[in-house]
Amino acid sequence: MNQTAPIRVVFPEEFHSGWNRIDGVAVEGNNLTIHPDAYFFRYENPSWIVCDWEHVKAGLLDVRETPTEAIEQKALDFVQTYGRTTDDAATVLGVAWQVNAWMFRDEITAEPGMAALGVKPVHARMLRETSTLMALNRVELSGRISNVGPAWMFPVACKVVYGLDEPEARLVDELYHGTWFDESRRVEAVKANAALGGKLVHGCQSSADMRGGAIVPFGVDMTEFRRELRDFGDDWISRVESCAR
C-alpha cells in the first residue's frame, strides 16, 4: 500500500519535545515531521485555503466593522478575494504558526485578570503549538469532518504532550473556548483566521468539554458538524489519550 508522504516544516521556535508522544509526530528542535498515515484519524481531503499572513496583517487586522458590515462579512470578503487553495501542508502550517504566534502572544498573559486565573506564558505556548497543528484539520461545507488528527482534541493532546493534569488542561480549554474571555479577542480571531480561510468554531456546546475546535469555511452546515463530533468525538478523544506512554 502506498504511504502518504511525510509533512516536514521548520518553525521559527522550538516545538515542545512532548509532541513525540503523539502517534505520527516527530519533533527535534524547530523541526517537525508529521507522518499522515499514522497521525490522522481521517485524511480525506488534503487541501486548504490560505491567505498570506503579511497581507492579512496589512489589509485586515486594523479594519473595523461598521453599522452596515460586520467584521465577519469583511473577513469573508477578504478570503473570497485573496484566498488560494494549496495542497502543501507545510505551507498551511507556516501560515498557521504566524496566525497563532500573534493570537497567543505572551504579552496577553500579563493583562489584568490573567494572573488570577493562573494563566502563564507557557499556556500561550501550548495554544500556539496546538492551534498551529489544528490548521491541518478540515471541515467540508456539508459539515463532514474530512481531515482530523489528535491536535483537534487539543486539551487532551495537551495532557499527553505537556503532562498537564485535568484542572490545567481544562484551564487551557477555557482559554481557547472563551477566546480569552474578551470580545476584542473574538474579533481578533475572526480577522486573523481569515489567513486560514475561515472562522473558528468550537467543538464544545455550552461549556468546554475537551472537544477542541477547528477553523472552518464560512457557510459550513453546523448541524452535520455537530453530529459528526457527537458520533465520533469520544472515540477520537480516546485515541489521543492512548498516545500517553
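Please read these numbers as outputs of a predicted model, since none were measured by experiment.
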Are side-chain heavy atoms of [X] and [Y] found at a separation under 4.5 Å?
{"X": "S184", "Y": "V187", "answer": "no"}
{"X": "V160", "Y": "C243", "answer": "yes"}
{"X": "R128", "Y": "E13", "answer": "yes"}
{"X": "R84", "Y": "D52", "answer": "yes"}
{"X": "L93", "Y": "F11", "answer": "yes"}
{"X": "N193", "Y": "K199", "answer": "no"}
{"X": "V122", "Y": "T109", "answer": "no"}
{"X": "V56", "Y": "C51", "answer": "yes"}

[X] (side chain) donor-acceptor with [Y] (main chain) under 3.5 angstrom:
{"X": "R42", "Y": "S146", "result": "no"}
{"X": "H123", "Y": "K120", "result": "yes"}
{"X": "E228", "Y": "R144", "result": "no"}
{"X": "D221", "Y": "L141", "result": "no"}
{"X": "W48", "Y": "L136", "result": "yes"}
{"X": "D173", "Y": "A169", "result": "no"}
{"X": "N137", "Y": "M134", "result": "yes"}

Measure the spacing between [atom1] of [X] and [atom2] of [Y] and express it to the nearest 0.5 Å.
{"X": "F104", "Y": "E129", "atom1": "CZ", "atom2": "CD", "answer": "12.5 Å"}
{"X": "N100", "Y": "L127", "atom1": "CG", "atom2": "CG", "answer": "8.5 Å"}
{"X": "Y39", "Y": "T33", "atom1": "OH", "atom2": "OG1", "answer": "13.0 Å"}
{"X": "F154", "Y": "K159", "atom1": "CZ", "atom2": "NZ", "answer": "13.0 Å"}
{"X": "I7", "Y": "H35", "atom1": "CD1", "atom2": "NE2", "answer": "10.0 Å"}
{"X": "M103", "Y": "S131", "atom1": "CE", "atom2": "OG", "answer": "8.0 Å"}

Transitive ILVMFWY side-chain link [X] to [Y], under 4.5 Å:
{"X": "W102", "Y": "V95", "value": "yes"}
{"X": "V27", "Y": "V10", "value": "no"}
{"X": "V92", "Y": "I49", "value": "no"}
{"X": "F225", "Y": "F218", "value": "no"}

Heavy-atom closest pair, residues [X] and [Y]:
{"X": "V240", "Y": "P150", "answer": "CG2-CA, 3.7 Å"}
{"X": "V220", "Y": "G143", "answer": "CG1-CA, 4.0 Å"}
{"X": "G118", "Y": "L171", "answer": "O-CD2, 3.8 Å"}
{"X": "F41", "Y": "G149", "answer": "CE1-C, 4.0 Å"}
{"X": "H202", "Y": "L200", "answer": "CE1-CD2, 3.9 Å"}
{"X": "I71", "Y": "V63", "answer": "CD1-O, 3.7 Å"}

Handout entry: Audit row: W236, V156, side-chain contact (heavy atoms from CB on, under 4.5 Å) steps and yes/no
Key = CA-CA 10 Å; W236 291 337; V156 184; over 6 Å; no
Exercise for the section: Mind telling me whether F15 and W19 have parallel, tilted or perpendicular rings, with 30° and 60° as the class edges? Expected result: tilted
Practice task
Evaluate the ring planes of H16 and Y162, with Trp represented by its six-membered ring, and classify them as parallel (under 30°), tilted (30 to 60°) or perpendicular (over 60°).
Solution key: perpendicular
Exercise for the section: Please lay out, stage by stage, how I145 and W152 fare under the test side-chain contact (heavy atoms from CB on, under 4.5 Å). Expected result: CA-CA 11 Å; I145 298 169; W152 180 303; 3.8 Å; yes
Problem - Trace of the side-chain contact (heavy atoms from CB on, under 4.5 Å) decision for C158 with T130 - result: CA-CA 8 Å; C158 283; T130 54; 3.8 Å; yes
Practice task
Determine, stepwise, if the pair I108 / V119 fulfils side-chain contact (heavy atoms from CB on, under 4.5 Å).
Solution key: CA-CA 10 Å; I108 290 176; V119 178; over 6 Å; no
Side-chain donor-acceptor contacts of residues 75-82 below 3.5 Å, not counting sequence neighbours, with atom names and distances?
| from | atom 1 | to | atom 2 | distance (Å) |
| --- | --- | --- | --- | --- |
| D77 | OD1 | Q73 | NE2 | 2.8 |
| T81 | OG1 | D77 | O | 2.8 |

Determine, for [X] against [Y], whether the closest basic-nitrogen to carboxylate-oxygen distance falls under 4.0 angstrom.
{"X": "R125", "Y": "D106", "answer": "no"}
{"X": "E72", "Y": "R186", "answer": "yes"}
{"X": "E65", "Y": "K191", "answer": "no"}
{"X": "R105", "Y": "E188", "answer": "yes"}
{"X": "E44", "Y": "R138", "answer": "no"}

Practice task
Start with the C-alpha gap between E224 and R230, add the side-chain angles, then the distance that decides, and say whether salt bridge (Lys or Arg N to Asp or Glu O under 4.0 Å) holds.
Solution key: CA-CA 10 Å; E224 179 63 14; R230 183 177 65 249; over 6 Å; no
Handout entry: Donor-acceptor pair between S47 and N45 side chains, under 3.5 angstrom
Key = yes
Problem - T4 and D37: CA distance, side-chain angles, deciding distance, side-chain hydrogen bond (donor to acceptor under 3.5 Å, both in side chains) verdict - result: CA-CA 6 Å; T4 308; D37 295 323; 3.1 Å; yes
Practice task
For atom CG of D62, decide whether the heavy atoms of other residues, nucleotides or ligands shown that lie under 6.0 angstrom number more than 12.
Solution key: no
